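Here is the naming used below: chain letters follow the sequence lines, and residue numbers restart at 1 for every chain. Any value given below was found using the heavy atoms of this structure, including those in side chains, with hydrogens, waters and symmetry copies removed. As the structure is a prediction and not an experimental result, all values here were calculated from the model.
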Amino acid sequence: MPAEISVRLPDGSTRTLPEGSTGLDLASAIGARLAKAALALDGGDGLVDLARPLQDGATVRIVTGDSDEGRALLRHSTAHVMAQAVLRLWPGAHLAIGPAVQDGFYYDFELPGGARFRDEDLERIEAEMRAIVGEAQPFEREERSIDDGLAFFADQPFKAEIIEAVRDRAASAEDAGEVGGEGAAVSIYRNAGFADLCRGPHVPATDRLGHFKLMRVAGAYWRGDEHRPQLQRIYGTAWESKAALEAHLHRLEEAERRDHRRLGAELDLFSFPEEIGSGLAVFHPKGGVVRRVMEEHSRRRHEAAGYEFVYSPHITKADLFEVSGHLDWYEESMFPAMELDGEHRYFLKPMNCPFHILVYRSRPRSYRELPQRMFELGTVYRYEKSGVVHGLTRVRGMTQDDAHIFCTREQMDGELRSLLGFVLELLREYGLDDFYLELSTRPPGKSVGSDEEWGVATEALRTAALEEGLQLVLDEGGGAFYGPKISVQARDAIGRTWQMSTIQLDFQLPQRFGLTYVGADNERHRPVMIHRALFGSVERFFAVLLEHYAGALPLWLAPMQARVLPVRDDHGPYAEEVAARLRRDGRRVDVEHAAEPLGARVRRGRLEKLPYLLVVGDDDVAAGTVGVNARGADAPERGVPVDELAARLSAEVPV
RNA sequence: GCCCGGGUAGCUCAGUGGCAGAGCAGCGCACUCGUAAUGCGCAGGUCGUGGGUUCAAAUCCCACCUCGGGCUCCA
């Protein structure tokens, strides 16, 4: 009688199989359907190939494609197949890395003779990949020593570099997906004449794949370092089923439909005239209304929260940014200097903080007036590299809802706590309600101040963040040159995250500018400075709201809140009366006269995403009512008295 | 800044060496209508900019500007 082993399944049951049985044998024993869906085995400490023998007594779980880890696995294997296809089409290509990423995968290549992928190549590669999938090639794992591995990949310099890094125990997290084996060995996966350095696991064979699409080609630096060779990266997406792939492509279309750049043009909100320059927007009248309402609400809330309003110019002599350190640490992001009389250099400001500091320093300060909170909608200019400008979310001229809080060290913790609460409350008022926090620490080699100060500041931020009870993610080295920061990341209606508010703690600038206050002890003390912007920039926040709401802004923010549509020309005077009545309540209302059929005007109003279309005809003129066609409603509502409508609208506008 | 792909009418796009096109939007006239496109007509383009090749360039070549997707960076 052959020896047997038993394994425990997630439901608590156990299975007994002949010794030497593999994950695939187990799946087959459970059911043919599972055997077909199985991709890998979770043997307790990580995923392994189905072809591996089972360990007696282990608790195991079969991984299928309909889980996050299963999808990551098949994406990784699809990347592998793509590399195989590229190598068939471009013999001699060098392979770098090919991990699974959110929704898909990529692989980085260096083509022989410095060749570049072109868009048309994607089709050829995809066709080759489908051929490989059709060949149902099994993935076979083998382990080799470091030296064997180096010899094996002698003609693959990037793979060799990865192996050397493993040998030198300097493997970064990024390499972890590429190498396997324990310490002294690396693993290689082979299928049909192709072999790749890879930790694995992989799906059993290439025919488990197939629901993929190559998306685009891009450049990417080897190891993300712009001083190292630029590789050719191909991005693809891959899913466990045709339906899942199609659903993903549909989500991409949905995101495109919400794109603020598209909505901005369609709804006549803003534009980027080429004549002005890259990354510099103009807001049109309708966008101007939205912006004004956003800003007015913000001002009111800041006033209520104890902020004082200051104003500062857009340009300054160089001295100011020399003292602040910006010219040492930030100059590459600043527009070049304006030279005047060969005597003074002037700069457009990239940040508002030094100006607020000068306001603080304009006279002696007492501890009695701290904390002092200075707020400004301050327009700043940053010379962003040409490849990074993007709609309203990454521009070269922007207005920050910027404030600087000057306080004592003792007040610091309390200020940070109340500030975080204020930020989140305000963002919720604009309709965002799903957040997490990110703590950015000292950037190595690009900062000022002592380790002790950075440590204190970072801990103060961490404490305040933890008290808020939100998820906290660490962003190592992501702080500003003068201090660590917390940023509030918001998830929008379709789950994308955006960096919104930033809160930075700063011990450096008060020192550089020699800021002081006189304490109760009649001695001079150094205040602490907190930099914070809640929208981040008004432009970016505008873009985020537009995408979050897919252009259908809530009533209080909508550029036009209602449009009155007279059925016939002779209902025009009544339509104007209705509009005038609503305007008395402060509503933004217009009238579109009956030059076209009602259906056409309703359609136009819908496309403009107007919250309310108000139709008035014979019945309404007679009864003093309107027909209410609300955005998002199934059917129009007839015969609503005008005063009742006015009351409804007022109730819907919170401010 | 680097890699790939674009730029033709206000918008979406067709046009790959031989007269610059369509739909929508705009304007005019007619239609006066109860909830997602009334009809007819008119007007609208130095084909991103500048060079070059050619008898002839939207089309081929070069440079630049600009937009999109990435890398790096970031509010």
Among residues 591-603 of chain A, which contact RNA chain B at a heavy-atom distance under 4.0 Å? Ala594(A), Ala595(A), Glu596(A), Pro597(A), Leu598(A), Gly599(A), Ala600(A), Val602(A), Arg603(A)
By the 4.0 Å heavy-atom rule, please label Phe272(A) as base, sugar-phosphate, or nothing. nothing
Could you run down the sub-3.5 Å N/O contacts of the protein with nucleotides 46-48 of chain B?
none

Once side chain to side chain contact (heavy atoms under 4.5 Å, CB included) is applied, do any residues pair with Val538(A), and if so which ones, sequence neighbours excluded? Arg291(A), Met294(A), Glu295(A), Leu377(A), Thr399(A), Phe535(A)
Electrostatic pair Arg228(A)-Glu161(A), nearest N-O below 4.0 angstrom: yes
Rounded P spacing from G44(B) to A9(B) in Å: 15 Å
Could you check whether the side chain of Arg394(A) and the base of C73(B) have a donor-acceptor pair of N or O atoms closer than 3.5 Å, going by distance alone? yes
Any donor-acceptor pair under 3.5 Å between the side chain of Gln504(A) and the base of A75(B)? no
Residues 619-637 of chain A vs salt bridge (charged side-chain N to carboxylate O under 4.0 Å, His left out), sequence neighbours excluded, gives Asp619(A)-Arg638(A), Glu637(A)-Arg648(A)
For the pair Phe375(A) and Phe309(A), name the ring-plane relationship: parallel under 30°, tilted 30 to 60°, perpendicular over 60°. tilted
Paired to C13(B) by Watson-Crick or G-U wobble criteria (both distances under 3.5 Å) is G21(B)
Measure from NZ or CZ of Arg124(A) to the centre of the six-membered ring of Trp90(A), then state whether that distance is under 6.0 Å and the direction lies within 45° of the axis. yes
Give a yes or no on whether a donor-acceptor pair under 3.5 Å exists between the nucleobase atoms of G34(B), that is its base, and the side chain of Asp620(A). yes
The side chain of Arg568(A) is closest to which nucleotide in this list: U32(B), C71(B), U35(B)? U32(B)
Do you know the tightest heavy-atom contact between Gly624(A) and Tyr574(A)? C-OH, 3.1 Å
When the side chains of residues 273-283 of chain A are checked against the rest of the protein, which donor-acceptor pairs come out under 3.5 Å, sequence neighbours left out?
none

Which ones in residues 532-552 of chain A lie close to RNA chain B, meaning a heavy atom under 4.0 Å from one of its atoms? Gly536(A), Ser537(A), Arg540(A)
Only pairs with both distances under 3.5 Å count, Watson-Crick or wobble alike; so what is the partner of C29(B) in this structure? G39(B)
So, under a plain 3.5 Å distance rule, would you say the side chain of Tyr383(A) forms a donor-acceptor pair with the base of G1(B)? no
Watson-Crick or G-U wobble mate for G44(B), both contacts under 3.5 Å: none
Which one is paired to U59(B), where only Watson-Crick or G-U wobble pairs with both distances under 3.5 angstrom count? none
